Structure formats: C-alpha cells, structure tokens
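Encoded as structure tokens, the structure appears first; notes follow it.
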Amino acid sequence: MTGVPASAAGGPGAHGTAGASATGTTGTDAPPAGTSATGTTGTDTAAAGSARTETPGLTGPGPSGIMDPEALRATAPEGFGVTGPDASGVQGSKQPRGGKLGAAAVNQASLWNVANLLTMLRLVLVPGFVALMLADGGYDPVLRAWAWAAFAVAMITDVFDGHLARTYNLVTDFGKIADPIADKAIMGAALICLSYLGDLPWWVTGVILGRELGVTVIRFVVIRYGVIPASRGGKLKTLAQGMAVGMYILALVGPLATLRWWVMAVAVILTVVTGLDYVRQAVVLRRQGLAERKAAAREARA
C-alpha cells in the first residue's frame, strides 16, 4: 500500500495538503473552504454574516474586516442609533451639549444678530431717556421713574450683549464700534441731564466723562502694542457709577438722598483710581512693545 498517495486514499493528508499555499509541495493553488487568502479562519466572516442576518440592510465589512461607519449609518434602519467615531477616534461619542447652538450662532454672525440688536436698543433708548428726564422741567416723579427704567434696561443689556458676542462668536465690526459708543452715550446723557437740572455738580460729570474719554484715546494709542485687559477695579467702577446715577435719576428724598451722595463719592473715587491705573498699564505696555521692537530689529541686523 506504499504506492498509493495519501491524497488519493482520502486520508488525513488530503485536508492538510489542500490548505497549503501555492508554494507548497502539492501544487494546489486554491485555499481550503472556510480559509481566507491570508490564512485566517472564517470566524470573522461568519460573524459578519450573522450581523447581516440580525440587522437587515447592513453592509458587510470592508477589505480590512472592519465595518464601515458610513455604510452602517447609511443602511441602518431609522432609530437604530449607529454612530461612527468622532475626530478623537472614539466610537459612538456624542456632540457636546450646546454644540449645535454654538455652530448655528457662528453661521449667523451677521449685522442682525442678538448682540448687535441689544446694542441698537441701547442707542435707541438714549433720546427717549433724555426726553423723559427733561419733560415738564425734569421734576415729575413719574417721568423720572420711567427715565430710570430706560436707564436700567440700557445698563443691563450692556452686560448681556457683550457676553453673548463672546460666548457665541457674534463679534462684528459694527459691534466693536457701536458697543462702546452706546455705553458712553447712555452714561453721558444721564450725567449731563442731571447736571443741567442742578441735581449733580458739573465737576462730577466732568471727572467721569473726562476719564472715559481719556481711556478711549489711550486705548487707540497703545493698541499697536497690545490690549489692556479689563480689571476688577474697572468693573467695580462701572457698577458704582450705574448705581449712583440710577439713584440720582430717581426723585429720592430723606436718607436715600443722602445715601446716593455717598455712593456717587465712591464711584468718583473708583473712576479716578482706575483711570490712573489704566494710564500706568498703558505706559508699561508701550515700553514693552518698544523694547520688543528694538530687540527684533537688532536680531534682524545680526
């Protein structure tokens, strides 16, 4: 029986030689059933086929044996919830909450966005505020109360429009110009009206408006060297000014009339101190900018 080949006899050698590669001794080119071209078993293929059977309409794996997320997403039934990997490579990660709102806000960052509309509202309130303050000689308590309401709305919207613009990337060229103008307009109108009516000394109005105008000029002068960030003292100054001016707009009498004088005194002190600090920061920033430019020029010559 030594003359009969193992393959012809149907013995165990038949299966062993059938799985050999093209470079084997048997010369058989075709791989055995259930075996891939790379020599792996058919377990992955069977699993993929099982997945297709359980979920009708899903496509099979790609050449690498990994299910294509795009194909799964396109063929999965509605509500199946198939998600592919995100930019970080994590399978099935979800978009963070607020992401759609932020993206929509970025796409709609035009002239007529929410932040700019609030700024426009403040500009519109200025002439209405002046009319209410000066109507009937400026001493009608009801009209002064309405003027205070307009002033309060303008001050509150000043906080919200800046927050919205920075949070949802709604910053526009119009907003950069109109926002500071609206801020100075409502505060300047209130101070001038109060001084005109004799409720507030003119020197207080001069100090506050002079400081605001000076800071604006300094900001444009040193902007080539950098930006001076808003300080905590500046925020306290704005709060104190708003409270003091609001109390003066109302027709207060008795202890409240005395209290508003002290609040205005605090506002004036903060106005002067923060103004001087702003000048100091501007000088330091300019010196640093000039030094950096000189150093860059020396490196360029070297």
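Computed from a predicted model, the values in this text were never measured in an experiment.
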[X] versus [Y]: any side-chain heavy-atom pair under 4.5 Å?
X	Y	result
L209	K184	no
L285	V227	no
I218	V279	yes
L117	M120	yes
T216	R219	yes
Y225	E292	no
Y139	L197	yes
W202	I192	yes

Supply the atom-to-atom distance [X] [atom1] to [Y] [atom2], rounded to the nearest 0.5 angstrom.
X	Y	atom1	atom2	value
I186	I181	CD1	CD1	14.0 Å
L236	S231	CG	OG	8.5 Å
T157	D183	OG1	CG	8.5 Å
D277	L270	CG	CG	11.5 Å
R144	I249	CZ	CD1	7.5 Å
L118	L123	CG	CG	11.5 Å

Of all the heavy-atom pairs spanning [X] and [Y], show the shortest one and how long it is.
X	Y	result
F129	A189	CE2-C, 4.0 Å
A244	A267	CB-CB, 4.4 Å
G234	T274	N-CG2, 3.9 Å

Common cluster, [X]/[Y], ILVMFWY with side-chain heavy-atom separation under 4.5 Å:
X	Y	answer
L259	V253	no
V153	V130	no
M247	L191	yes
L134	W148	yes
V273	Y278	no

Donor-acceptor contact below 3.5 Å, side chain R211 vs main chain L276: no
Between R122 and M155 (side chain of the first, backbone of the second, donor and acceptor by atom type, cut-off under 3.5 Å), is there such a pair? no
For the pair D158 and D179, evaluate side chain to side chain contact (heavy atoms under 4.5 Å, CB included) and give the outcome as yes or no after the intermediate values. CA-CA 8 Å; D158 178 32; D179 184 69; 4.0 Å; yes
Would Y248 and W261 count as a side chain to side chain contact (heavy atoms under 4.5 Å, CB included) if you check the C-alpha gap in whole Å, the side-chain angles of each, and the deciding distance to 0.1 Å? CA-CA 8 Å; Y248 268 87; W261 187 91; 3.8 Å; yes
Check step by step if side chain to side chain contact (heavy atoms under 4.5 Å, CB included) holds for T205 and L194. CA-CA 9 Å; T205 298; L194 290 172; over 6 Å; no
Mark yes when over 12 heavy atoms from residues, nucleotides or ligands other than M243 sit less than 6.0 Å from its CE; otherwise mark no. no
Look at atom CZ of R287 and say whether more than 12 heavy atoms of other residues, nucleotides or ligands are closer to it than 6.0 Å. no
Distance-only polar pair, side chains of N116 and T172, donor-acceptor under 3.5 Å: yes
Any ion pair linking D199 and R260 (charged N to carboxylate O, less than 4.0 Å)? no
Check against side chain to side chain contact (heavy atoms under 4.5 Å, CB included), F151 and M187: CA-CA 8 Å; F151 179 81; M187 182 61 69; 4.1 Å; yes
